[in-house]
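First the proteins, then the strands, lettered A, B, ... as listed; each starts at 1. These numbers come from a predicted model, not from an experiment.
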There are 2 protein chains.
Amino acid sequence: MENNQSCIRVFADKDQINHCRELLQANGSAFGQLSGLLALAGNEVRLKILFLLEEENELCPCDLSDILGMSIPAVSQHLRKLKDKNVIEGRREGQTIFYSLKQEQLTLFHPFFKHIINNSNIVTV
Amino acid sequence: MENNQSCIRVFADKDQINHCRELLQANGSAFGQLSGLLALAGNEVRLKILFLLEEENELCPCDLSDILGMSIPAVSQHLRKLKDKNVIEGRREGQTIFYSLKQEQLTLFHPFFKHIINNSNIVTV
DNA sequence: TTTATATTTAAGAAGTTGCTTAAATAAGAA
DNA sequence: TTCTTATTTAAGCAACTTCTTAAATATAAA
C-alpha cells in the first residue's frame with residue numbers, strides 16, 4: 001500500500017482503532033489457522049467429501065470419484081489438501097486407501113453438516 | 001472427465017455408492033450455498049473483518065483499512081463480497097458508511113469467533 | 001516376472017482471487 | 001460552485017486454484 005495520505009477519517013475514534021489492532025494482535029495466528037480450515041470447506045467438492053465421510057465413516061478415492069462424478073486425480077488432490085491440514089486420515093487395506101474424518105477438526109466442521117441437512121429440508125419440504 | 005474406464009473398484013459397494021449419490025442429490029443446492037459462505041470466511045482478511053464487526057458492532061471501510069493495514073479499495077472489495085452474500089449491511093451517516101453483521105448468517109459464523117478466542121488463549125496462556 | 005488395480009504425483013492450461021492504481025461517485029464544507 | 005472527504009468501481013496484473021492428461025508408485029494376482 002503506497003497510499004500514505006490514507007483516508008484516516010476526521011471523526012475516527014482513535015481508541016477504537018487501537019483497541020481493534022490489539023484484538024487482532026492478541027489472537028495471533030488464530031485467524032490464519034482458522035481461515036485455512038474454512039477455505040478447505042469453502043470448496044463445494046471438498047465440502048461434499050467431508051459430508052460424505054461424516055455420513056459413511058470412510059470412503060476411498062475411487063468411490064468418491066464415482067459418487068462425485070469427477071476424475072480420480074482430481075479427487076486425490078482434494079484429499080491431499082484435507083490430509084495436509086489434519087482434517088482426514090487414510091488407512092490402507094490392500095490396494096485401497098480408506099479415508100475418514102479425524103477427530104481433530106470435527107468440532108469446527110460438525111455444525112456444517114447439520115446446516116446442510118437443515119437447509120435442504122427447508123427447500124425440499 | 002474423459003476417463004471412461006474409471007477405477008470402479010472390484011470390491012466397490014454399489015449400494016453405498018448409490019446411497020451417497022442420493023444423499024448429495026437430496027441436499028440439492030445446500031452445498032453450493034454453504035461452501036460459498038465458508039469461502040468468504042476462508043479468507044484471512046475477511047475473517048478478521050467479520051470478527052471485528054462482531055466485537056465492535058459497526059466499522060467503516062476507512063477504519064478497517066487503518067486497522068488491517070491495507071488500502072481502502074482492497075477493504076472495499078472485501079466488504080462488497082460480504083454484502084453480496086448477505087453477511088453484512090451498511091448504513092450511511094453523512095459521507096461515512098458503517099458496516100455491521102446481518103442476523104441472517106450469524107448462526108453459522110458465531111462459532112468461528114469463539115474458536116478464535118479459545119484458540120489464541122491456548123497459545124497465549 | 002508380468003499384468004492389473006488403486007492411488008499419487010507432476011506439468012500445464014483455464015479460471016478465479018486479491019491486490020494495485022486511477023478514475024468515478026456521493027456527500028459535506030468553503 | 002468548487003474543494004475536500006469517504007467510498008466505490010474498473011482495469012490490469014501476479015499469484016493461486018482446480019481441473020486435465022500422462023507418468024510414477026504401490027500392492028495384489030496370474
Identify which nucleotide among [options] has an atom closest to any side-chain atom of [X], counting heavy atoms from C-beta outward.
X	options	result
A:Ile97	D:dT9, C:dT7, D:dT21	C:dT7
A:Gln95	C:dA6, D:dT8, C:dG18	C:dA6
B:Pro73	D:dT8, C:dT7, C:dA27	D:dT8
A:Ala74	D:dT7, D:dT20, C:dC19	D:dT20

Atom [atom1] of [X] and atom [atom2] of [N]: how far apart are they, to the nearest Å?
X	N	atom1	atom2	result
B:Ile72	C:dT21	CD1	P	13 Å
B:Leu59	D:dT7	CG	P	11 Å
A:Leu40	D:dC16	CG	C1'	14 Å
A:Glu93	D:dA28	CD	P	10 Å
B:Met70	C:dC19	CE	P	4 Å
B:Asp63	D:dT7	CG	C1'	13 Å
A:Leu79	C:dA6	CG	P	16 Å
A:Glu89	C:dT7	CD	P	16 Å

Whether [X] contacts [N] is assessed here as follows: a side-chain N or O lying under 4.0 Å from the phosphate OP1 or OP2. Is that the case?
X	N	answer
A:Arg92	C:dA6	no
B:Tyr99	D:dT8	yes
A:His78	D:dT17	no
B:Thr96	D:dA6	no
A:Ser71	D:dT20	yes
A:Asn43	D:dT17	no
A:Lys81	D:dT18	yes
B:Arg80	D:dT9	yes
B:Arg46	C:dG18	yes

Quiz item: Do A:Leu34 and B:Phe113 belong to the same hydrophobic cluster, where Ile, Leu, Val, Met, Phe, Trp and Tyr are linked whenever their side-chain heavy atoms lie under 4.5 Å apart, directly or via other members?
Solution: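 The answer is yes; both residues are in one hydrophobic cluster.
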Does [Y] offer a backbone N or O that forms a donor-acceptor pair with the side chain of [X] under 3.5 Å?
X	Y	answer
B:Asn27	B:Ala30	no
B:Ser35	B:Phe31	yes
B:Ser71	B:Ala74	yes
B:Arg46	B:Ala39	yes

Self-check item: Polar pair under 3.5 Å, donor/acceptor by atom type, side chain B:Gln77, base C:dT20
Solution: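 Counting by modelled atom types and ignoring angles, a donor-acceptor contact under 3.5 Å is found here.
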Quiz item: Between A:Gly94 and A:Val75, which has a closest nucleotide on DNA chain D that is more 5'?
Solution: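 Checking each residue's closest nucleotide, the 5'-ward one belongs to A:Val75.
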Practice problem: Would you indicate what B:Phe98 reaches in the nucleic acid, counting non-hydrogen atoms under 4.0 angstrom: base, sugar-phosphate, or nothing? | Solution: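 Touches nothing.
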Practice problem: Scan B:Leu68, B:Asn43, B:Leu40 and name whichever one has a side-chain contact (heavy atoms from CB on, under 4.5 Å) with B:His78. | Solution: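 Only match with B:His78 under side-chain contact (heavy atoms from CB on, under 4.5 Å): B:Asn43.
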